[in-house]
Amino acid sequence: MIRKPRGTNDILPENIKEWLFVENEFRKICSEYNFGEIRTPMFEKTSLFKRGVGDTTDIVKKEMYNVLSDDALYKYKNDKFKSSDSFTLKPEGTAPIVRAFVENKLYAEKQPTKLFYITPCFRHERPQAGRLRQFHQFGIETFSATSATADAEIISLADVFFRRLGIDNLTLKINSVGCSKCREVYHKELKKFLEPKLDDLCVTCNERYITNPLRILDCKNEKCQNTIAEAPLITDYLCDECSAHFEELKSALDIVEVDYIVDPKIVRGLDYYTKTAFEFISTDLGSQATVCGGGRYNGLVKQVDGPETPGVGFGLGIERLLMVLKARKFKFNDEKTLDVFIVTFDKETKMKGMEFVTKLRKKGVAADIDHLERSFKAQFRYSDALNSKYTIILGSDEIENNKISLKNMKTGEQIEMQMDNIEKIIELVRESK
RNA sequence: GCGGUUGUAGUCAAGUGGUUAAGACACAGGAUUGUGACUCCUGCAUGCGUGGGUUCAAAUCCCAUCAGCCGCCCCA
């Protein structure tokens with residue numbers, strides 16, 4: 001048997017309603033917050049992510065699905081291969097949106113540009129519950145707004161979205177990771193603090209000391225946590241501008257009535273974040289606890305060859321969202337979908353049934369008929385199993401009299417009526433909705 | 001990428017070296033000729049994730065491999 005690739009999922013008809021539901025809710029709220037939908041390709045030039053997400057990040061270093069383009073293969077033969085000639089299945093949503101913003105010169109339109117997207121993402125990781133190789137994200141991005149009210153707006157959107165779905169047990173953690181200026185100062189201070197304590201830190205933290213000292217702050221190792229308890233915090237080293245922005249954000253969140261806790265230790269794994277960083281954490285999810293994460297990225301547009309333009313956004317994991325909803329026993333609408341099922345007896349009545357079912361469908365009635373040569377009784381049982389509102393019996397008696405028998409499956413009431421009285425059926429179906 | 005753990009039908013499972021692989025749910029058919037739900041009856045794994053090996057004998061032991069789950073790493 002050929003199996004699906006590891007870490008991917010089929011979404012079957014019985015689950016699709018959950019997806020459609022959250023997608024619709026997300027589209028709705030984005031429209032209310034005045035964000036417009038954007039769709040970008042499933043793959044991009046590899047160089048976009050190397051430059052946008054950051055060459056040193058885990059995502060770029062070891063989790064991307066790269067594929068050589070035809071052009072690259074040709075050039076490779078001619079010994080002219082460049083990394084920009086390979087493609088990568090998008091590992092995250094923001095860099096492609098930024099690319100589209102720049103390439104389509106959206107910065108020249110009225111500002112700010114407020115975009116949202118729904119997209120699959122691909123990362124080559126070891127799968128776990130809540131962590132897949134193909135997963136799906138909702139995301140939004142606001143470009144050209146420097147004000148912290150823009151940060152508060154997207155956080156509010158996520159907050160209201162969750163609450164509408166009845167999720168009120170998430171923790172919102174916010175932090176400011178500063179700009180390149182204050183980060184540089186902070187890095188030095190942090191390294192100075194950690195240097196004499198390296199022996200007390202775990203192996204990975206010692207590696208992180210060299211590659212990305214910020215990450216040591218959210219190590220889960222207890223010994224490391226004790227060691228760094230007194231470590232300097234980024235929030236104490238923010239420059240005036242970043243500090244003012246962070247204060248503005250907190251006031252704005254208070255105004256829009258979003259609860260948060262400041263956690264100076266949250267760090268984001270993508271290089272492009274500046275100033276605001278935040279995540280919504282769930283306790284229903286095990287170790288993959290972040291349902292939604294995002295922040296500000298004031299240098300990214302420039303980094304991707306656009307004009308210097310600030311941005312803020314978030315990514316929201318759809319699979320994780322659905323896991324939370326299931327953990328909270330969320331009731332998805334399970335309305336009857338079939339209005340009418342038609343029961344027939346033999347070749348002749350079946351053909352008449354086909355004619356009739358098509359007439360109903362043309363009028364917008366959800367109708368179906370047996371294709372498995374089932375017995376009369378089995379057809380009835382099937383109609384019941386489908387949860388159909390009405391069952392129509394079409395036998396030789398009915399055909400002879402140009403009539404049908406129509407049974408209401410809920411009340412058991414059965415009536416006879418003229419076969420061409422489709423309008424009456426439509427009326428009955430509408431009534432029972 | 002690292003460590004741990006699990007893998008018997010569509011689903012949940014019993015079986016831990018011996019002959020025909022329990023049971024439940026689901027599914028399909030039937031209970032006197034054209035009426036569903038309840039009830040009753042019948043059917044449904046030459047097969048135990050896959051491939052090797054040990055043995056007279058393997059779902060059971062060993063090795064490899066694949067997949068799921070948990071933790072780490074990382075992140076949505």
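Heavy-atom basis, side chains included; hydrogens, waters and symmetry copies ignored.
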Which nucleotide, if any, forms a Watson-Crick or G-U wobble pair with [N], using both distances under 3.5 Å?
N     : result
B:G17 : none
B:A37 : none
B:C25 : B:G10
B:A64 : B:U50
B:U32 : none
B:A58 : none
B:G71 : B:C2

Need one value for [X]: base, sugar-phosphate or nothing, where a base atom within 4.0 Å counts as base even if backbone is also close, heavy atoms only.
X        : value
A:Leu132 : base
A:Gly294 : nothing
A:Gly93  : nothing
A:Cys292 : sugar-phosphate
A:Gln288 : base
A:Gly139 : nothing

Can you check the distance between [N] and [M], where both ends of the measurement are the [atom1] atom (answer in whole Å)?
N     : M     : atom1 : result
B:U60 : B:U8  : P     : 13 Å
B:A14 : B:U32 : P     : 39 Å
B:A9  : B:G47 : P     : 13 Å
B:G3  : B:U65 : P     : 12 Å
B:G68 : B:C56 : P     : 38 Å
B:A21 : B:G29 : P     : 27 Å
B:C25 : B:C41 : P     : 11 Å
B:A58 : B:G18 : P     : 11 Å

Interatomic distance, [X] [atom1] vs [N] [atom2] [rounded to whole Å]:
X        : N     : atom1 : atom2 : value
A:Asp58  : B:C75 : CG    : C1'   : 9 Å
A:Met323 : B:G68 : CE    : P     : 14 Å
A:Glu92  : B:C75 : CD    : P     : 12 Å
A:Gln128 : B:U6  : CD    : P     : 17 Å
A:Arg133 : B:C66 : CZ    : C1'   : 12 Å
A:Asp284 : B:C70 : CG    : P     : 13 Å
A:Ile281 : B:C75 : CD1   : C1'   : 11 Å
A:Arg131 : B:G1  : CZ    : P     : 12 Å

(request) Give the ring-plane orientation class for A:Phe101 versus A:Phe143, where under 30° counts as parallel, over 60° as perpendicular and anything between as tilted. (result)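 It falls in the parallel class, under 30°.
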(message) For the backbone of A:Pro91 and the side chain of A:Arg123, can you confirm whether one donor and one acceptor N or O come within less than 3.5 Å of each other?
(response)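 Yes; judged by distance alone, with no hydrogens or angles, the pair exists.
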(request) Would you confirm whether A:Asn9, through its side chain, and A:Ile11, through its main-chain N or O, come within 3.5 Å as a donor-acceptor pair? (result)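 No.
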Taking 4.0 angstrom as the limit, do [X] and [Y] come out as a salt bridge?
X        : Y        : result
A:Arg430 : A:Glu427 : no
A:Glu32  : A:Arg164 : yes
A:Asp151 : A:Lys250 : no

(message) Taking the side chain as everything from C-beta on, heavy atoms only, tell me whether A:Ile174 gets closer than 4.5 Å to A:Phe246.
(response)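 Contact flag for A:Ile174/A:Phe246 side chains = yes.
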(request) May I ask you to evaluate whether A:Ser287 reaches the phosphate of B:C72, defined as a side-chain N or O under 4.0 Å from OP1 or OP2? (result)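 It does, given that an N or O in the side chain of A:Ser287 lies less than 4.0 Å from OP1 or OP2 of B:C72.
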(message) Looking at the base of B:C72, is there any donor atom on it, or on the side chain of A:Arg126, that sits under 3.5 Å from an acceptor on the other one?
(response)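 Side chain to base: no pair below 3.5 Å.
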(request) Check if the side chain of A:Arg3 and the base of B:G49 share a donor-acceptor pair of N or O atoms closer than 3.5 Å. (result)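 Checked by distance alone, the answer is no.
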(request) Select one nucleotide: of B:C70, B:A76, B:C74, the one nearest the side-chain heavy atoms of A:Glu63. (result)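 Looking only at heavy atoms from C-beta outward on A:Glu63, the closest nucleotide is B:C74.
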(request) Name the residue closer to the 5' end of RNA chain B, choosing between A:Thr57 and A:Arg6 according to the nucleotide with the nearest heavy atom. (result)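 Its nearest nucleotide lies further toward 5', so the answer is A:Arg6.
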(message) Taking syn as a glycosidic torsion within 90° of 0 and anything else as anti, which one is B:G47?
(response)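 With its glycosidic angle within 90° of zero, B:G47 counts as syn.
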(message) Restricting to non-hydrogen atoms, name the atom on A:Val102 and the atom on A:Val304 that form the minimum distance, rounded to 0.1 Å.
(response)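 For A:Val102 versus A:Val304, the nearest heavy atoms are CG1-O, 4.1 Å.
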(request) Report the residue from A:Phe35, A:Tyr33, A:Phe138 that forms a ring pair (Phe, Tyr, Trp, His ring centres under 6.0 Å) with A:Phe26. (result)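 Output: one option passes, namely A:Phe138.
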(request) Could you tell me whether A:Phe21 and A:Phe330 have their ring centroids closer than 6.0 angstrom? (result)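 Ring centres of A:Phe330 and A:Phe21 closer than 6.0 Å.
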(message) Strictly under 4.0 angstrom, non-hydrogen atoms only: write out the protein contact profile of nucleotides 26-34 of chain B, one letter per nucleotide from the 5' end, B, S or -.
(response) --SSB---B
